[in-house]
There are 2 protein chains.
Amino acid sequence: MLNIIVYQIYRKIQPFLQKDMTKKDKKTEEIILQSAEKVFFEKGYAGAKTTEIAKNSGVGHAMLHYYFRTKENLFQIVFERNVELLTNSVFSGLEKQGSFKEIIISLISNHFDFVRNNPKLVLFIINEINRNNNNNTIWKEVSAPILTKVSAQITERINKEKKTGNIRDIDPFNFIVTIISLNLFVFVAHPLINNIKHFTKKEYEAFLERRKQENIRLVLMALQP
Amino acid sequence: MLNIIVYQIYRKIQPFLQKDMTKKDKKTEEIILQSAEKVFFEKGYAGAKTTEIAKNSGVGHAMLHYYFRTKENLFQIVFERNVELLTNSVFSGLEKQGSFKEIIISLISNHFDFVRNNPKLVLFIINEINRNNNNNTIWKEVSAPILTKVSAQITERINKEKKTGNIRDIDPFNFIVTIISLNLFVFVAHPLINNIKHFTKKEYEAFLERRKQENIRLVLMALQP
DNA sequence: ATTATCTATAGATCTATAGATAATGC
DNA sequence: ATTATCTATAGATCTATAGATAATGC
């Protein structure tokens, strides 16, 4: 009898206890997370069912709640992970040293490759920001400081180049919007595009590679005086 | 007793009967449709609840099923309506007569204006094609014939221009992808953009107008030899 | 002793229908 | 007589938890 009461108290506080993350623990937890990411990416928050996520993980459904308590909790972890990934991807190209042109090329190229490797990520984030204002706040808090910094760096370089007369009088924000429009849209609108052309996998790969070169070319042209 | 049986039979076959569409009828039906469109656009199929659609319409919840039988039915009507709208929007610019450059400008401009007036439409269609293969089929059936025609027209004009040397050797499909990437992305990614800049309504309008001009400029530049 | 896992199910939510009643048109 | 509408609720689906048992680590 006492056993049962102690057990029930334990059950109540257990989720709040810091876990040890033994090897086995980490594995199941991570498997559920990956399954959750997959299902959330494909169906969005409302369309994703915890039963499906669990079935996908190959563990009992109760495990999902044991590790993450609620669907909302699980979602938040997936969402934040990916907001950070996306935000940081903008950075990777900027760290290169070199001429303005070289930096722009590496920025576009790295960013394009990141999205190519995570083709469902952008649409997922856009949808979830639209759905829930709290996600919007997370996006702002995580991405704003980094994007502001990146934006400032690009603006500074653009203004410097303007003075030398190497590039035209372009608005930095519009310049950035051009880059992300060209880089992201093919992945966001993948079904629209793949339905017009019926690409095989290889053809699609080739199309993306051409697309990347085309984007670099277009953006550099946009800079010309 | 007999009355009840007759009534029950009537209830069964009623939904399949062609309706007369009296004035009153049309009104309620259309109100529900509009409410459904609004909610489906905002929350997608899974996130939209028939109770919310009904509440939004100001009629009893049962009315929704009375007119449309199922959520799926109601959705299909909204979806097909909007696939047709989007597909036809591509056309409106092409009908103009004039030089190649003029046609391209009117195409981009009309298309951009259409999406500006229906900012949530594209994201809705992309998501629903992703979600359900049947929607994908509808998209293909409705849009393919029209888009193929438009694509062929553009290709023909491009090839003609190539011979005169007025434009560079550009791949027509990539050219079209460039146009729709630039035109659609700002609307699809509206929350991402509006979170970086905190535009007022007026500022946002001005941004969109600049964006349209920028897109025209970029596309014309992309054509230059 | 502690942690991980399973089965069964409570409780909430959502779609759809039953059945009754009100409104409309001939 | 026909059509439109309402209230109440059945039935399905989904999230979350209870309670028991198995696996793990000290």
Side-chain angles (χ1 to χ4, degrees), chain A residues 1-33 35-36 39-40 43-76, chain B residues 1-32 36 39-40 43-76:
Chain A
M1 185 57 200
L2 186 70
N3 255 2
I4 289 175
I5 292 171
V6 168
Y7 171 74
Q8 290 195 350
I9 292 173
Y10 167 69
R11 282 303 302 270
K12 288 288 172 204
I13 63 165
Q14 183 207 35
F16 302 100
L17 296 174
Q18 197 65 29
K19 296 240 193 57
D20 254 5
M21 299 289 178
T22 62
K23 266 173 218 163
K24 192 82 195 283
D25 192 5
K26 220 170 195 166
K27 226 177 187 173
T28 305
E29 201 173 334
E30 191 56 34
I31 286 169
I32 294 172
L33 261 177
S35 170
V39 179
F40 281 135
K43 314 202 166 173
Y45 181 81
K49 306 300 169 192
T50 54
T51 40
E52 190 190 351
I53 293 172
K55 196 180 278 177
N56 235 292
S57 316
V59 297
H61 178 212
M63 284 298 89
L64 189 148
H65 294 282
Y66 176 71
Y67 285 107
F68 300 97
R69 285 180 56 76
T70 64
K71 180 185 179 186
E72 183 62 34
N73 256 356
L74 180 55
F75 172 82
Q76 287 305 323
Chain B
M1 185 56 198
L2 187 68
N3 255 2
I4 288 175
I5 292 170
V6 168
Y7 171 73
Q8 290 196 349
I9 292 171
Y10 168 68
R11 281 302 304 269
K12 288 288 172 204
I13 62 167
Q14 183 208 34
F16 302 100
L17 297 174
Q18 197 65 28
K19 296 241 192 58
D20 254 5
M21 302 288 180
T22 63
K23 268 173 218 163
K24 192 81 196 287
D25 192 5
K26 219 170 195 166
K27 226 178 187 172
T28 304
E29 201 173 332
E30 190 57 34
I31 286 170
I32 294 172
V39 179
F40 282 135
K43 313 202 166 172
Y45 181 81
K49 307 300 168 190
T50 55
T51 40
E52 190 190 351
I53 293 172
K55 195 178 278 177
N56 235 292
S57 316
V59 298
H61 177 213
M63 284 298 90
L64 188 149
H65 294 283
Y66 176 71
Y67 284 106
F68 301 97
R69 285 180 55 76
T70 64
K71 181 186 178 185
E72 183 62 35
N73 256 356
L74 180 55
F75 172 83
Q76 287 306 322

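Quick note: numbers below take in every heavy atom, side chains included, and nothing from hydrogens, waters or symmetry partners. We name chains A, B, ... by the order of the sequence lines, and we start the count at 1 in each one.
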Would you please enumerate the stems DNA chain C participates in, each stem being three or more consecutive Watson-Crick or G-U wobble pairs with both distances under 3.5 Å?
-> C:1-24 with D:1-24
Atom CZ of A:F75 and atom P of D:dC14 are separated, to the nearest Å, by 18 Å
What heavy-atom pair brings B:I53 and B:I32 nearest, and what distance separates the two atoms?
-> CG2-O, 4.1 Å
Taking only heavy atoms on the protein side, list every residue of residues 43-53 of chain B lying under 4.0 Å from any atom of DNA chain C, sorted numerically.
-> B:A48, B:K49, B:T50, B:T51
Proximal nucleotide (of C:dT15, D:dT15, C:dT5) relative to the A:H61 side chain = D:dT15
Rounded off to whole Å, could you give me the CG-to-C1' distance for the B:L64 and C:dT15 pair?
-> 10 Å
Can you measure from OG (B:S57) to CD (B:E30) and round to the nearest 0.5 angstrom?
-> 11.0 Å
How many Å lie between CG on B:L74 and P on C:dC14, as a whole number?
-> 16 Å
What's the closest nucleotide to the A:Y67 side chain, out of C:dT5, C:dT15, D:dT5?
-> C:dT5
To the nearest Å, how far apart are B:Y66 OH and D:dC6 P?
-> 12 Å
Checking D:dC6, D:dT5, D:dA18 against the side chain of A:A62 (C-beta onward), the nearest is D:dA18
Apply side chain to side chain contact (heavy atoms under 4.5 Å, CB included) to A:H61 and list each qualifying residue two or more places apart in sequence or on a separate chain.
-> A:T50, A:T51, A:A54, A:H65
OP1 or OP2 of D:dT15 under 4.0 Å from side-chain N/O of A:T70 = no
Does A:I31 offer a backbone N or O that forms a donor-acceptor pair with the side chain of A:S35 under 3.5 Å?
-> no
Look at the side chain of B:V59 and decide which nucleotide, out of D:dT15, D:dC6, C:dC6, has an atom nearest to it.
-> D:dC6
Where is the tightest heavy-atom contact between A:T28 and A:Y67, given as atom of each residue plus distance?
-> CG2-CE1, 3.7 Å
Round to a whole Å and report the spacing from CD of A:E29 to C1' of C:dA4.
-> 12 Å
Spacing between B:K55 atom NZ and C:dT13 atom C1', to the nearest angstrom = 13 Å
Which class fits the ring pair B:F40 and B:Y45: parallel under 30°, tilted 30 to 60°, perpendicular over 60°?
-> parallel
From the options C:dT17, C:dA16, C:dT5, select the nucleotide whose nearest atom is closest to the side chain of A:M63.
-> C:dT5
Separation of B:H65 atom NE2 from D:dT7 atom P, in whole Å?
-> 15 Å
For A:K27 and D:dA23, give me the distance from atom NZ to atom P, rounded to whole Å.
-> 16 Å
Counting heavy atoms not belonging to B:K71, are there more than 12 under 6.0 Å from its NZ?
-> yes
